[in-house]
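Reviewing the structure listed below.
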Protein chains: 2
Amino acid sequence: MNQFHILEKRFPGRRAALKRDILEQALYCFIELGVEATTIEAIKARCETSVGAIYHHFGNKEGILSALFFAAQDDQRQHLDRELANTKSLHEAVYSVIGSYLDWVVANPEWARFLYQARSAVAKGPFQEELKDRNAKGFRELKAKLLGFGNESNSIVQPFEIVISLIVGPSENYCKAWLAGRVQTSPRDYREEFAESAWRSLQR
Amino acid sequence: MNQFHILEKRFPGRRAALKRDILEQALYCFIELGVEATTIEAIKARCETSVGAIYHHFGNKEGILSALFFAAQDDQRQHLDRELANTKSLHEAVYSVIGSYLDWVVANPEWARFLYQARSAVAKGPFQEELKDRNAKGFRELKAKLLGFGNESNSIVQPFEIVISLIVGPSENYCKAWLAGRVQTSPRDYREEFAESAWRSLQR
DNA sequence: TTCTGTAAAAGAAGATTATTCTGTTTTTGC
DNA sequence: GCAAAAACAGAATAATCTTCTTTTACAGAA
């Protein structure tokens, strides 16, 4: 299982072979050269196709970027949903959110790096509405889950607006630093610390 | 005092008038159109100069971006240093770091938005070394300050690698959401919550 | 199988935009 | 006042995204 199983799940079959290949090579370029510096020419060269084929499948550079971005985001969210499904308490849920986030980043560092890099571009481009809808949906579901643990939710003594920031803010910040090489220790090694700290930060 | 006092402080005097003007108009364009979509032509048009003048002063688009980025980062850091200077305990210091961060973002929302947007571009471009040096220096100084409160530093029971993430992660996350319009309440209104939560998250 | 319409693919041409280069004007230091 | 350096202007160049036209492959019907 290579790092591209995410694409095979999303664009299956023989017909989509070139489509997948373009996405693979594009991701490689985006990671290697950066989103900005990657040219259509470079992608074309890597998968030995033509500009015509690329534009036929994706319309423009933004189209490639968005396809990759949404594929990665979906995979990350599926991972979260699986972890979250079995949780029976708020405490467990908070641990799941943080644990699944750290796990996913460590398991897919290239994809994670790409997600951080590409977000702002997608947020401005032609798929900004789709991004907003997805984020809103994700936020709604997570909120429902966290507030759905009955009286125990009294543990959350913070305004809900800031709860997500309190939970994932530190993990996100540390993962970015790790992916950028500013710190060496794997985020997974601090799983307990981040989860415990987040839990404490919610109390009053 | 308009939003450009930051530039007047950094590029003072009559000689730098055009330089400042180019930076002002460029910042306007970056904010309005996005960093990617801003063309040299657009900047040129807004300050009624020539491409020659722009390239004479900044070398390339990246040069404009970096000059703006470092100006903003310096101002933010100066603000932090002022707040931090008078602190007499670790508890006060943590409150200062968070308070000054939230204050600065709310006082300079356009600059803050720009800082978030431009960081990745600067981190890849020709000024990546300068960025690294600045970040390393800032991190070193902050670390020294936080660990310099004698025995009381025992309050920090976390590995120091993750301490900065624990302190500023949630605030940063929330400020981004606020600048993107995903939440309405001003970060300043949650000053106490973020500071208290961060403090609690450090204990064990 | 042969025909036909649709999708896939190729690559040349067009349009946009960053950058360079050359020349001119202005300012500075002596 | 004069030489040297900096500031400025704009045409020319080069890189790169996107569109357009043409050719090829393929799936389903007659």
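Rounded to whole angstrom, the span from the CD atom of B/Glu41 across to the P atom of D/dT16 amounts to 20 Å. Atom CD1 of A/Ile64 is separated from atom P of D/dC17 by 10 Å (rounded to the nearest Å). We find that CZ of A/Phe58 is positioned 11 Å from P of C/dA8, with the value rounded to whole Å. Rounded to an integer number of Å, the gap from CD1 of A/Ile40 to P of D/dA15 is 17 Å. Distance B/Ile43 CD1 to C/dT17 P: 12 Å, rounded to the nearest Å. Here the P atom of nucleotide D/dT18 and the NE2 atom of A/His57 are 17 Å apart, to the nearest Å. Atom OH in B/Tyr55 sits roughly 9 Å away from atom C1' in C/dT20 (whole-Å rounding). Nucleotide C/dT17 holds its P atom 18 Å from the CD atom of B/Glu62, rounded to whole Å.
Taking the ring axis of A/Phe69 as reference, the NZ or CZ atom of A/Arg119 does not stay both within 45° of it and closer than 6.0 Å to the ring centre.
Comparing C/dA18, D/dG10, C/dT28 by their nearest atom to the side chain of B/Lys61 picks out C/dA18. Distance from the side chain of A/Leu18 is smallest for C/dA9 among the nucleotides C/dG11, C/dA9, D/dC8. Proximity note for B/Arg14 (side chain, C-beta onward) versus C/dT28, C/dG11, C/dT19: the nearest is C/dT28.
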Would A/Thr185 and B/Glu161 count as a side-chain hydrogen bond (donor to acceptor under 3.5 Å, both in side chains) here? Give the steps. CA-CA 8 Å; A/Thr185 312; B/Glu161 257 186 332; 2.7 Å; yes
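Using cut-offs of 30° and 60° on the angle between ring planes, the pair B/Phe194 and B/Tyr190 is perpendicular. Using cut-offs of 30° and 60° for the angle between ring planes, the A/Phe114 and A/Phe30 rings count as parallel.
Once rounded to the nearest 0.5 Å, the distance linking CG of B/Asp189 with CD1 of A/Ile162 reads 11.0 Å.
Heavy-atom distances to DNA chain D give each of A/Gly52 and A/Thr39 a nearest nucleotide, and the one nearer the 5′ end belongs to A/Thr39.
Side-chain nitrogen and oxygen atoms of B/Thr49 include none within less than 4.0 Å of the OP1 or OP2 phosphate oxygen of D/dC8. For C/dT27, the OP1/OP2 oxygens have no side-chain nitrogen or oxygen of B/Arg15 closer than 4.0 Å. Contact annotation: B/His56 does not reach the phosphate of D/dC8 (side-chain N/O to OP1 or OP2, under 4.0 Å).
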